[in-house]
Chemist: 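Quick one: structure below, then a few questions.
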Protein chains: 2
Amino acid sequence: MSTINEVAIMARVSTTTVSRYLNNRIELPAETAARIDAAIAALDYRPNILAKRLSLGRSEAIGMMTPEIANPFFAELAAAVEDEAEKHGYSVLMSSTGGNRERELASLRRLKDGHVDGLIMMTNRPDDGSLAATLHHYGHIVLIDEDIPGVNVPKIFVENREGARAATRHLIEAGHRRIAHIGGPAKLFSAIERLAGYRDAMAEAGITVDDGDIRQGEYSREFGRAAMLDMLAGAEPPTAVFAGSDFIAIGIMEAVRSKGLGVPRDISLVGFDDMPFADLLAPGLTTIRQPTAELGRIGFGTLKALIDKTSPPELTRLPVALVKRNSVAPPRS
Amino acid sequence: MSTINEVAIMARVSTTTVSRYLNNRIELPAETAARIDAAIAALDYRPNILAKRLSLGRSEAIGMMTPEIANPFFAELAAAVEDEAEKHGYSVLMSSTGGNRERELASLRRLKDGHVDGLIMMTNRPDDGSLAATLHHYGHIVLIDEDIPGVNVPKIFVENREGARAATRHLIEAGHRRIAHIGGPAKLFSAIERLAGYRDAMAEAGITVDDGDIRQGEYSREFGRAAMLDMLAGAEPPTAVFAGSDFIAIGIMEAVRSKGLGVPRDISLVGFDDMPFADLLAPGLTTIRQPTAELGRIGFGTLKALIDKTSPPELTRLPVALVKRNSVAPPRS
DNA sequence: TCTGGCTAGTAAAGCGGTTGCGTAAAGTGG
DNA sequence: CCACTTTACGCAACCGCTTTACTAGCCAGA
């Protein structure tokens with residue numbers, strides 16, 4: 001590997017000049033520039049990025065914190081971020097925390113250590129305030145998909161409430177009146193918004209919601225199954241369910257099936273997320289699609305703006321869309 | 001941020017001593033060590049990793065090239081690598097190439113530029129030789145999951161052939177004789193091995209394979225569906241299929257269903273990979289599980305051995321296992 | 001008493017860039 | 001022809017850490 005010094009010697013100038021020339025901080029006579037160019041080509045010189053980083057104190061890399069990269073939703077998001085970052089010459093350091101506070105903090109430490117210039121954070125659990133408190137001390141952070149209340153950084157979310165409203169309305173329009181909602185953690189931002197959207201739609205249709213028809217728990221298949229089994233055990237179960245996530249929806253399907261019932265014959269179902277597997281299911285899951293890739297792209301753009309000191313919008317909301325498949329039918333009369 | 005120099009001053013020693021002490025290259029009298037420890041604690045000193053990297057010429061980061069991070073299989077693999085790397089103090093730079101040669105080369109360039117100390121490569125397309133040729137010039141590379149023929153680096157694969165054999169035997173044991181194989185690209189290493197395993201099992205059972213019962217194409221849902229539709233259009237379709245991947249198996253399910261037939265009632269089916277969604281399907285897909293996380297862990301370990309100049313094994317083979325779900329039944333008589 | 005071998009460190013030269021000051025030489029206006 | 005501004009660069013410090021080569025001081029053995 002050749003160095004800037006070798007280039008300088010070959011071009012008969014100083015390293016200062018080469019460095020400035022390469023960074024466009026100087027205008028050189030064509031002849032000098034040509035000599036430098038020639039030397040660079042001859043030596044196949046490429047700047048040592050490690051040295052550059054040390055000198056500049058920047059790493060031209062960003063970190064990305066996801067709860068679980070193996071979750072297709074986060075994987076897709078990650079891919080989009082990486083894609084966009086690459087375009088701007090940034091590397092991405094992935095870190096999947098497994099929802100582990102330890103690892104979240106390690107990730108933040110890296111940021112502080114100058115390892116990375118900024119951080120895109122995704123989380124999927126409610127914060128007890130400790131994360132929020134920590135974040136205050138850090139530099140360039142962007143929150144994606146899920147809020148951490150009390151943190152004052154740019155945030156990018158989807159229209160959770162609108163989406164939930166559309167999902168619920170879709171069920172109402174199919175003729176259902178007893179529509180349950182099995183959603184995410186009661187304290188989690190997205191779950192709160194989705195619940196609100198569900199209530200909106202029900203209220204708009206003039207339907208009174210029985211509190212027993214609302215269940216909140218983890219965004220997981222297991223919770224979906226358990227909650228649905230519980231509902232089915234009731235005297236008069238609902239005819240439709242709006243699930244807070246596709247994982248929950250899968251659990252619901254399992255529960256329904258295990259009772260010898262069918263989706264959508266006995267229970268209509270709408271999910272949220274449009275995970276890649278949503279259309280692999282039988283029946284295909286009607287769900288709310290999030291603009292995953294867009295979230296990632298805009299997330300990176302926002303972070304870059306932050307790094308470049310141009311102030312990005314405080315809050316960006318991305319629209320969602322209802323994807324109709326085969327898990328909704330009119331109620332059996 | 002405090003520096004090693006400040007620590008040295010506070011502890012009344014030289015930076016050399018602090019550096020050596022921290023890197024366990026020196027043994028100090030307890031009293032001196034205590035002074036240094038105290039200074040570090042007091043100043044909340046953490047070494048500047050950028051400086052360390054420059055000085056050492058190592059980046060303590062590895063690259064990971066995957067065709068598509070959004071594919072659950074690769075995502076899981078990536079998560080395992082990341083996990084293991086983290087434990088050893090390495091960062092992981094993810095790069096999903098989308099099967100794009102350009103991006104593959106960019107990834108390799110980074111490696112050369114000292115961006116990373118080594119690279120874990122995964123690919124999913126047959127190489128025309130150009131990639132293999134390029135790889136020869138590079139340093140620390142480990143190949144995971146799929147071979148690039150002619151490349152002389154440590155490789156970690158699963159027992160494709162054994163797995164295929166077990167899958168096929170499972171169908172035979174269920175009573176099937178006409179068993180088709182719809183597999184991956186004819187020139188792709190894993191597909192070749194899996195086909196061989198299928199032939200093994202059939203030969204062992206004394207069943208002659210009709211060439212028309214073997215189809216090779218992409219590891220994709222679309223190919224699976226098309227191939228299966230074609231088979232079903234034949235005069236006497238098979239009663240069972242061993243699919244080269246779970247994606248292919250899903251396509252097969254769709255095809256079977258679209259003809260008004262059922263899995264496993266009319267067609268028994270075994271996949272390969274055990275993707276996270278395999279058990280979400282209805283019926284649950286019987287398939288061959290790859291030790292995904294293990295692949296990742298061992299992949300990192302092998303790369304690290306390479307970096308540390310201890311020569312790792314040329315080839316590691318990881319066992320697979322048959323996971324029985326509900327897509328296999330005896331043939332209808 | 002001298003030599004040699006520890007012990008417990010240190011000074012200084014990198015690693016490969018960037019950058020705040022300078023400055024010699026050439027050009028310009030009066 | 002002189003003072004002044006450009007033009008075209010260079011010197012050397014700096015980023016924070018590692019490492020090679022060296023030394024001061026002490027003790028043991030001959």
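Every chain is numbered from 1 and lettered A, B, ... according to where its sequence line falls, protein lines coming before strand lines. Any value given below was found using the heavy atoms of this structure, including those in side chains, with hydrogens, waters and symmetry copies removed.
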Chemist: B:Arg25 CZ to C:dG9 P: how many Å, rounded?
Modeler: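 Roughly 18 Å, once rounded to whole Å.
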Chemist: Which residues pass the side-chain contact (heavy atoms from CB on, under 4.5 Å) test with A:Asn152, not counting sequence neighbours?
Modeler: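 A:Asn152 satisfies side-chain contact (heavy atoms from CB on, under 4.5 Å) with A:Glu314 once adjacent residues are dropped.
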Chemist: May I ask you to check whether A:Thr15 and A:Asn5 show a side-chain donor-acceptor distance below 3.5 Å?
Modeler: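 Distance-only check fails for A:Thr15 and A:Asn5.
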Chemist: Go through DNA chain D in 5' to 3' direction and return only the first and the last nucleotide with some atom under 4.0 Å of chain B's heavy atoms.
Modeler: D:dG16 to D:dA21
Chemist: Rounding to an integer number of Å, can you tell me how far A:Leu43 CG sits from C:dG16 C1'?
Modeler: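 It is 15 Å, rounded to the nearest whole Å.
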Chemist: Going by the rule ring-ring contact (aromatic ring centres under 6.0 Å, His included), which residues pair with B:Tyr45 if we only count those two or more places apart in sequence or in a different chain?
Modeler: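 For B:Tyr45, no residue satisfies ring-ring contact (aromatic ring centres under 6.0 Å, His included) once neighbours in sequence are set aside.
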Chemist: Rounded to whole Å, please give me the gap between CG in A:Asn48 and P in C:dC15.
Modeler: 11 Å
Chemist: Can you name the ring-ring contact (aromatic ring centres under 6.0 Å, His included) partners of A:Phe300, sequence neighbours left out?
Modeler: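 Testing A:Phe300 for ring-ring contact (aromatic ring centres under 6.0 Å, His included), a comparison that skips the adjacent residues, returns A:His88, A:Tyr90.
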Chemist: Verify salt bridge (Lys or Arg N to Asp or Glu O under 4.0 Å) between B:Asp128 and B:Arg101, making sure each step is shown before the conclusion.
Modeler: CA-CA 11 Å; B:Asp128 58 9; B:Arg101 184 109 319 162; 3.3 Å; yes
Chemist: Could you give the CD1-to-C1' distance, from B:Ile49 to C:dC15, as a whole number of Å?
Modeler: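 Spelled out: CD1 on B:Ile49 to C1' on C:dC15 is 16 Å.
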Chemist: A:Asp44 and A:Arg46: salt bridge (Lys or Arg N to Asp or Glu O under 4.0 Å), yes or no, with the steps?
Modeler: CA-CA 7 Å; A:Asp44 186 27; A:Arg46 262 156 311 145; 3.5 Å; yes
Chemist: Within residues 26-42 of chain A, find the residues that approach DNA chain D with a heavy atom at under 4.0 Å, and present them sorted by residue number.
Modeler: A:Ile26, A:Leu28, A:Pro29, A:Thr32
Chemist: Would B:Ser14 and B:Thr17 count as a side chain to side chain donor-acceptor pair (under 3.5 Å) here? Give the steps.
Modeler: CA-CA 5 Å; B:Ser14 71; B:Thr17 303; 3.2 Å; yes
Chemist: Could you check whether B:Leu54 gets within reach of a base, just the sugar-phosphate, or nothing at all, counting any heavy atom under 4.0 Å?
Modeler: base
Chemist: For A:Arg317 and A:Phe157, indicate whether the former's side chain and the latter's backbone hold a donor-acceptor pair under 3.5 Å.
Modeler: no
Chemist: So, the side chain of B:Thr32 versus the backbone of B:Leu28: is there a donor-acceptor pair under 3.5 Å, distance only?
Modeler: no
Chemist: So if I take residues 14-23 of chain B and measure heavy-atom distances to DNA chain D, which residues fall below 4.0 Å?
Modeler: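 Residues of residues 14-23 of chain B that come under 4.0 Å of DNA chain D are, in numerical order, B:Thr16, B:Ser19, B:Arg20, B:Asn23.
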Chemist: Would you say the side-chain atoms of A:Asn23 pair up with the backbone N or O of A:Ser19, donor to acceptor, closer than 3.5 Å?
Modeler: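 Indeed, once roles are kept as given, a pair shorter than 3.5 Å links the two residues.
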Chemist: Across the strands shown, which category fits A:Arg53 at heavy-atom distances under 4.0 angstrom: base, sugar-phosphate, nothing?
Modeler: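 It contacts nothing in the nucleic acid.
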Chemist: Under a 3.5 Å distance rule, please check whether A:Thr292 uses its side chain to pair with a backbone N or O of A:Glu76 as donor and acceptor.
Modeler: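 No, because the side chain of A:Thr292 does not come within donor-acceptor range (under 3.5 Å) of the backbone of A:Glu76.
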Chemist: Taking the nucleotide of DNA chain C with the nearest heavy atom to each, does B:Ser55 or A:Ser2 sit closer to the 5' end?
Modeler: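 Looking at DNA chain C, the more 5' nearest nucleotide goes with B:Ser55.
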